[in-house]
Amino acid sequence: MKGKHLKGEERYLLNLLEGTKTRFVIPVYQRNYDWKIENCKQLFDDLEDVISEGVESHFFGSIVSKADGPDTRIVIDGQQRITTSYLLLLALVSKLREGSIASEDDNLADMINEEYLIDKWHKSERKLKLKLIKDDQAAFEAIYSADAEKFIQDSNVTQNFIYFCGRIDKTKLTADQLRDAIERLMIIDIKLDKEDDAQRIFESLNSTGLDLNEGDKIRNFILMGLDAQMQEEYYERYWNEIEKNTGYDVSSFARDWLAAVRRKTPAIKKVYSVFRDYVKAEAFDTKALLEELLKYSKHYKAINAADSGNHGLDAVLRRLILLDMSVMDPFTLNLFEYRRCGEISDQQVIEALKSVETYLFRRWVCKVPANALNKVFETLHSEVLRGVKDGGSYPDVLNKVLLSKEGSGHFPDDAEFMQAFEERDFYRIAGYKYYLFDRLENGDSLERVNVVDNLRDESFSIEHIMPQTLSTSWQQDLGDGFAAIHARWLNSMANLTLTAYNSKYSNRRFAEKRDMENGFKQSGFRINHFVCQQEAWGEEQLKARNELMKRRFLELWPPIESDFEWGNDAYEEHALDDDFSFTGRQIAAYSFMGSRFTAKTWVDMICGVLSMVYELDPVVFHKFVPEGSDFPGRYFSRKESDYCFKVGEGIYFNPGSSTYVKIETLKIVFEAAGIDCSELLIELYKSKIEDPS
């Protein structure tokens with residue numbers, strides 16, 4: 001590849017497409033056209049903004065192509081944008097010819113068609129100036145023919161064209177304004193020379209590089225539209241402080257902030273797009289947005305530096321940092337904002353965070369999968385506030401909420417906690433050793449041993465009292481059952497302790513470890529008080545210390561309790577993929593992709609959600625419900641009947657099934673459509689009333 005030949009020219013998109021001598025071919029090594037309706041929605045939204053905001057130009061990305069003869073370009077990169085542009089122009093032509101959209105130019109449809117869509121005088125029967133990969137091309141030709149019976153419904157080409165037609169019907173723009181907006185789309189036109197290796201360039205363009213991270217995109221989005229003086233002022237007053245408060249990781253902070261305010265965590269690669277959409281929906285002005293971000297960034301700094309200004313609160317924060325539970329940041333951000341507003345005392349914050357600490361640690365000991373925690377902490381603050389509104393104290397309601405969690409989100413009770421304690425390997429626990437042994441040694445004492453830093457720099461270490469390899473003398477001391485004792489107790493909490501002299505202890509007999517210089521008898525560690533008093537170390541002592549450590553665990557991570565009782569109209573919220581049984585519960589409402597809807601029955605919910613998924617991606621339904629399909633047999637059909645609900649054109653659903661089947665059906669549909677199940681939140685009345693539908 002000869003980089004010196006890679007030249008880019010800024011130009012308007014329609015200038016690239018116009019003229020009878022310009023034809024575009026998508027090479028077969030590229031993927032099929034796969035832009036979804038959400039991508040088309042963003043483009044159309046941007047075009048409406050271009051007109052309403054009077055923007056002179058809107059950047060639409062780059063197009064990389066290579067000449068193949070005098071009138072043809074092979075599209076190396078940018079086929080999604082090129083194809084979508086043709087579909088939009090074709091939809092505008094279609095609506096102009098129907099008379100669905102007004103224009104001052106009676107010939108506008110013919111002009112767009114002949115200037116951009118076809119080569120009227122081409123000798124071939126293929127007049128269209130865009131040639132797609134085989135299946136996409138068939139769909140493109142079908143929609144150009146304007147014969148709806150020939151439309152290939154399970155193609156993104158077809159469905160995106162239909163979407164654009166629908167948007168044109170609904171837009172307040174005239175045809176002339178829409179064309180004007182399209183004319184303002186700006187691209188970088190990169191033309192390759194003949195000697196350039198197109199495949200290598202394609203691979204290079206699509207490989208991982210030094211792209212802008214999500215925080216960079218957010219900064220540009222906020223500041224780019226301001227004049228130079230205001231950019232400088234806002235950068236210094238707000239953005240620079242936000243970056244410093246977040247340790248220059250604005251991407252992670254923005255993700256946590258969005259989870260806090262939206263009650264849903266965006267995918268890492270979608271932080272910017274979700275941020276942009278949220279800010280637009282909430283109609284933030286730039287200054288108010290930056291003030292909000294600065295405020296939360298101060299909370300973020302206080303949480304992650306354990307610097308709240310309250311000694312007791314900072315102690316709990318430091319422990320949570322050691323637990324490496326950044327997953328709870330959306331909750332703590334909301335909690336600290338609640339604190340800033342004076343709605344909760346520092347002591348109540350401490351009580352709440354101690355309960356959360358116990359919840360997290362017990363789950364870790366019990367090896368409960370952590371995949372439910374994102375959802376728990378996205379909604380925890382809002383769930384607690386519902387109870388506070390009904391008169392409960394924040395810590396008491398929080399305990400009630402945590403105790404009510406089911407499945408993989410549950411709070412382990414004492415029986416589960418102690419059973420896991422008996423079975424857990426507490427030696428091979430990686431970074432959790434800092435938290436565990438600091439907590440065991442120091443508890444809540446103000447006279448603290450710096451366990452964490454000394455373990456990190458290896459001044460302290462974790463010692464096996466009964467060694468990892470048994471010498472002959474240890475075997476004799478343990479007795480005939482030494483192998484079973486060793487296997488049962490080696491990495492248990494009963495056999496582990498702290499020392500600053502591990503290398504000197506080696507495999508010495510217990511009495512030597514106890515009585516040597518700096519041995520257990522001279523140890524200053526609280527955790528060694530029982531050990532130094534023992535005459536021998538065998539199964540009897542291990543069992544006794546095991547009971548002591550169990551009591552210590554229950555003292556440091558006690559069960560939580562709550563006297564709060566929910567009112568009859570209280571409800572709880574669960575995502576579609578929560579480890580939770582919806583059977584036997586009455587639905588109150590649901591939220592899909594941020595929009596909330598009330599629902600009296602489960603039928604209301606599933607019919608509403610299926611319709612919205614169809615609007616987002618009709619191709620999915622047409623693919624898994626082809627003619628004669630029985631997937632999922634009893635529930636979807638292409639034939640209408642009295643008991644069926646119309647999902648979309650030619651797709652019907654039979655809602656006469658159990659709640660369990662409805663939930664499982666939605667999971668199948670979401671997976672096929674590539675929609676995260678967390679996009680659907682279901683609100684249930686807390687009282688378990690069976691809903692027959």
- Task: Might you confirm whether atom CD of E423 has over 12 heavy atoms from other residues, nucleotides or ligands at distances under 6.0 Å?
- Result: yes
- Between E683, E573, E378, which is the residue that forms a salt bridge (Lys or Arg N to Asp or Glu O under 4.0 Å) with R263? E573
- Query: Between the side chain of D604 and the main-chain N/O of K600, is any donor-acceptor distance below 3.5 Å?
  - Reply: yes
- Message: So for atom CD, which belongs to E555, do other residues, nucleotides or ligands contribute more than 12 heavy atoms lying within a distance under 6.0 Å?
- Response: yes
- With the threshold set at 4.0 Å, does a side-chain nitrogen-carboxylate oxygen contact exist between D277 and R262? no
- Heavy atoms from other residues, nucleotides or ligands near CG of L554 exceed 12 (cutoff 6.0 Å): yes
- Considering residues, nucleotides and ligands other than K550, do more than 12 of their heavy atoms fall under 6.0 Å from its NZ? yes
- Inter-residue atom distance L455.CG - F437.CZ, 0.5 Å rounding: 8.0 Å
- D45 and K280 ion-paired at < 4.0 Å: no
- Note on the structure: Result for side chain to side chain contact (heavy atoms under 4.5 Å, CB included) between L398 and one of I560, V384, L403 points to V384
- Working for ring-ring contact (aromatic ring centres under 6.0 Å, His included), residues Y394 and Y338: CA-CA 11 Å; Y394 196 101; Y338 198 55; 5.6 Å; yes
- Message: Return the CD1 to CD1 distance between I663 and I668, rounded to the nearest 0.5 Å.
- Response: 12.0 Å
- Message: For F221 and F275, take the angle between the two ring planes, folded into 0 to 90°, and tell me which bin it lands in: parallel under 30, tilted 30 to 60, perpendicular over 60.
- Response: perpendicular
- Message: Under a 3.5 Å distance rule, please check whether K662 uses its side chain to pair with a backbone N or O of P655 as donor and acceptor.
- Response: yes
- Query: How are the rings of Y278 and W257 set relative to one another: parallel (under 30°), tilted (30 to 60°) or perpendicular (over 60°)?
  - Reply: perpendicular
- Say whether, by atom type as modelled, one donor and one acceptor occur between the side chain of D578 and the main chain of H574 under 3.5 angstrom. no
- Any donor-acceptor N/O pair, S345 side chain to Q348 backbone, under 3.5 Å: yes
- Would you call K405 and E572 a salt bridge, using N to O less than 4.0 angstrom? no
- Message: Could you walk me through whether V250 and R219 satisfy the side chain to side chain contact (heavy atoms under 4.5 Å, CB included) test, starting with their C-alpha distance in whole Å, then the side-chain angles of each, then the deciding distance to 0.1 Å, before giving a yes or no?
- Response: CA-CA 9 Å; V250 178; R219 179 195 61 228; over 6 Å; no
- Non-neighbouring partners of E664 that pass side chain to side chain contact (heavy atoms under 4.5 Å, CB included), sequence neighbours left out: Y660, K667
- Query: Does NZ or CZ of R363 lie under 6.0 Å from the centre of the six-membered ring of Y359, at an angle within 45° of the ring axis?
  - Reply: yes
- Query: With no hydrogens and no angle check, do the side chains of H299 and N334 hold a donor and an acceptor under 3.5 Å apart?
  - Reply: no
- Task: Would you check if the distance from the ring center of F553 to the ring center of F426 is below 6.0 Å?
- Result: yes
- Query: Does atom CD of E671 have more than 12 heavy-atom neighbours from other groups under 6.0 Å away?
  - Reply: no
- Message: One thing to verify: whether K270 and E214 come together as a salt bridge, which I'm taking to mean a side-chain N less than 4.0 angstrom from a carboxylate O.
- Response: no
- Value for CG (L681) from CE (M593), rounded to nearest 0.5 Å, stands at 11.5 Å
- Can you establish whether the number of heavy atoms outside R428 located under 6.0 Å from its atom CZ is more than 12? no
- Task: State, to 0.1 Å, how close L616 and I37 come at their nearest heavy-atom pair, and which atoms those are.
- Result: O-CB, 3.0 Å
- Message: Among R552, R526, K433, exactly one meets salt bridge (Lys or Arg N to Asp or Glu O under 4.0 Å) together with E441. Which residue is that?
- Response: R526
- Message: Heavy-atom count check: over 12 atoms from other residues, nucleotides or ligands less than 6.0 Å from K41 NZ?
- Response: no
- Task: Please determine which of F421, Y435, Y432, W557 meets the ring pair (Phe, Tyr, Trp, His ring centres under 6.0 Å) test together with W364.
- Result: Y432
- Task: May I ask you to decide whether R319 forms a salt bridge with D444, counting only side-chain N to carboxylate O separations under 4.0 Å?
- Result: yes
- Query: So do K217 and R276 actually touch side chain to side chain, heavy atoms under 4.5 Å?
  - Reply: no
- Check the pair F580 / F582 against ring-ring contact (aromatic ring centres under 6.0 Å, His included), numbers first and verdict last. CA-CA 6 Å; F580 175 81; F582 293 91; 5.1 Å; yes
- Query: On the ring face of Y685, is R585 found with NZ or CZ under 6.0 Å from the centre and within 45° of the axis?
  - Reply: no
- Item | Which residues share a side chain to side chain contact (heavy atoms under 4.5 Å, CB included) with E351, sequence neighbours left out | Q347, P395
- What orientation do F636 and F653 show, parallel under 30°, tilted 30 to 60°, or perpendicular over 60°? tilted
- Side-chain contact test, heavy atoms from C-beta onward, threshold under 4.5 Å: evaluate it for T246 versus Y296 and give yes or no. no
- Message: Check this for me: K295, atom NZ, are more than 12 non-hydrogen atoms of other residues, nucleotides or ligands nearer than 6.0 Å?
- Response: yes
- Taking the side chain as every heavy atom from C-beta outward, state whether N310 and D314 have any atom pair closer than 4.5 Å. no
- Walk me through it: do N450 and N454 pass the test side chain to side chain donor-acceptor pair (under 3.5 Å)? CA-CA 6 Å; N450 189 349; N454 281 291; 4.7 Å; no
- Query: Is the side chain of R545 donor-acceptor paired with the backbone N or O of A494 at a distance under 3.5 Å, no angle test?
  - Reply: yes
- Check: S595 side chain, S591 main-chain N or O, donor-acceptor pair, under 3.5 Å: no
- Message: Using 30° and 60° as the class boundaries, would you call the ring planes of F377 and F331 parallel, tilted or perpendicular?
- Response: tilted
- Query: Have D396 and N399 got a donor and an acceptor in their side chains that come within less than 3.5 Å?
  - Reply: no
